[in-house]
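Below: the structure, in structure tokens.
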Amino acid sequence: MVLYFSSTADPAAVIYMGKDKFENEDLIKHGWPEDVWFHVDKLSSAHVYLRLAKGQSWDSILPALVMDLAQLCKANSIEGNKKDDITIIYTPWSNLLKRGDMATGQVSFKNPRTVKRIHVPARDNAIVNRLNKTKREVFPDLALARMDRDKEESRVKKNAMRKIVQEERQVQEERKKQKEESDYGKVFENARKARGWKPNKVSEDLFGDGESDNDDNVVSNSRYDDDFSDLL
């Protein structure tokens, strides 16, 4: 059984924790990359998790929300609930380290530097009571939920990659088309040059040169004069 709570922080957040150390083992095993783990430092307590929304960063959790998680940890620690001035530690689920030689429910950290701390001076009943009013007992299939989450993430990534590939293909096809059009223009231009084509050739062939016609007339008139000079 997993206990779920709802915070009134903005944006609203999902908080959950295991009922005992055995359920804590399942939470450690099947956590999500979006989860942030909270615990009373150096004391036994519940493992409390915050599930971030997509795109949220654990570095930017609102102080009010962090305090909600801290108060919930303190209230669910037999020794910590009785003490003032305790410390709550929190880190991304992905930073949790679980070795085979560890006791049930015990964890360490892959990188101790990726752990934050918050001081809790005393129990705040207003916060604890507000959260307890939202408590729900759920019996989820944690392994299946994680599997479904991973499938959805994979589907989204594949769709995004497919879109990128399609856009790249369109760009390549457009470039190929432009290159072919450019190459065709060059081939046509080279063919015209090889045939000695000139822009004014057609007009010259069709209409001739006025000066040439006059010259021909002069020659013919001169010959005409020579042919009939004896008769004059």
Where do L96 and F109 land on the side chain to side chain contact (heavy atoms under 4.5 Å, CB included) test, with the steps shown first? CA-CA 5 Å; L96 296 180; F109 308 113; 4.1 Å; yes
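Residues passing the side chain to side chain donor-acceptor pair (under 3.5 Å) test with E173, sequence neighbours excluded: none. Annotation: side chain to side chain donor-acceptor pair (under 3.5 Å) contacts of T91 (sequence neighbours excluded): N95.
Among all heavy-atom pairs drawn from R149 and E34, the shortest one is NH2-OE2, 2.6 Å. C73 and S45 make their closest contact through O-CB, 4.1 Å (heavy atoms, listed as atom of the first residue, atom of the second, distance). Heavy-atom minimum distance, L43 versus S77: CB-OG, 4.4 Å. A pairwise comparison of heavy atoms in A46 and M17 identifies CB-SD, 3.8 Å as the closest pair. When all heavy atoms of S6 and T134 are compared, the pair lying nearest together is N-OG1, 2.9 Å. The nearest pair of heavy atoms linking S7 to I15 is CB-CD1, 3.9 Å.
A donor-acceptor pair under 3.5 Å is formed between the side chain of Q71 and the backbone N or O of A122. K110 places a side-chain N or O within 3.5 Å of a backbone atom of S94 that can act as its donor or acceptor partner. Not one N or O on the side chain of H47 forms a donor-acceptor pair closer than 3.5 Å with the backbone of G18.
By the 4.0 Å N-to-carboxylate-O rule, E137 lies too far from K19 to be salt-bridged with it. The pair K74-D124 does not count as a salt bridge, with every side-chain nitrogen at least 4.0 angstrom from each carboxylate oxygen. For R155 and E152, the salt-bridge test passes: some basic side-chain N is under 4.0 Å from an acidic carboxylate O.
Shown here is K54, whose NZ atom has more than 12 heavy atoms of other residues, nucleotides or ligands within 6.0 Å. The 12-atom threshold is not exceeded at NZ of K29, counting heavy atoms of other residues, nucleotides or ligands nearer than 6.0 Å. The environment of M102 atom CE is dense: over 12 non-hydrogen atoms of other residues, nucleotides or ligands sit within 6.0 angstrom. The number of heavy-atom neighbours closer than 6.0 Å to CD1 of I78, taken from other residues, nucleotides and ligands shown, is 12 or below.
Two residues are said to be in side-chain contact when any heavy atoms from C-beta on lie closer than 4.5 Å; W58 and T114 meet this criterion. Contact check for K157 versus M161: no side-chain heavy atoms found under the 4.5 Å cut-off. Using a 4.5 Å heavy-atom threshold, the side chains of Y49 and I28 count as touching. Side-chain contact between V138 and Y16 is absent, with no heavy atoms from C-beta onward closer than 4.5 Å.
Classification of the W37-H39 ring pair by plane angle, with boundaries at 30° and 60°, yields parallel. The aromatic rings of Y90 and F38 sit parallel, their planes meeting at an angle under 30°, below the 60° perpendicular limit.
Linking Ile, Leu, Val, Met, Phe, Trp and Tyr whenever their side-chain heavy atoms come within less than 4.5 Å leaves M67 and V14 in two separate clusters.
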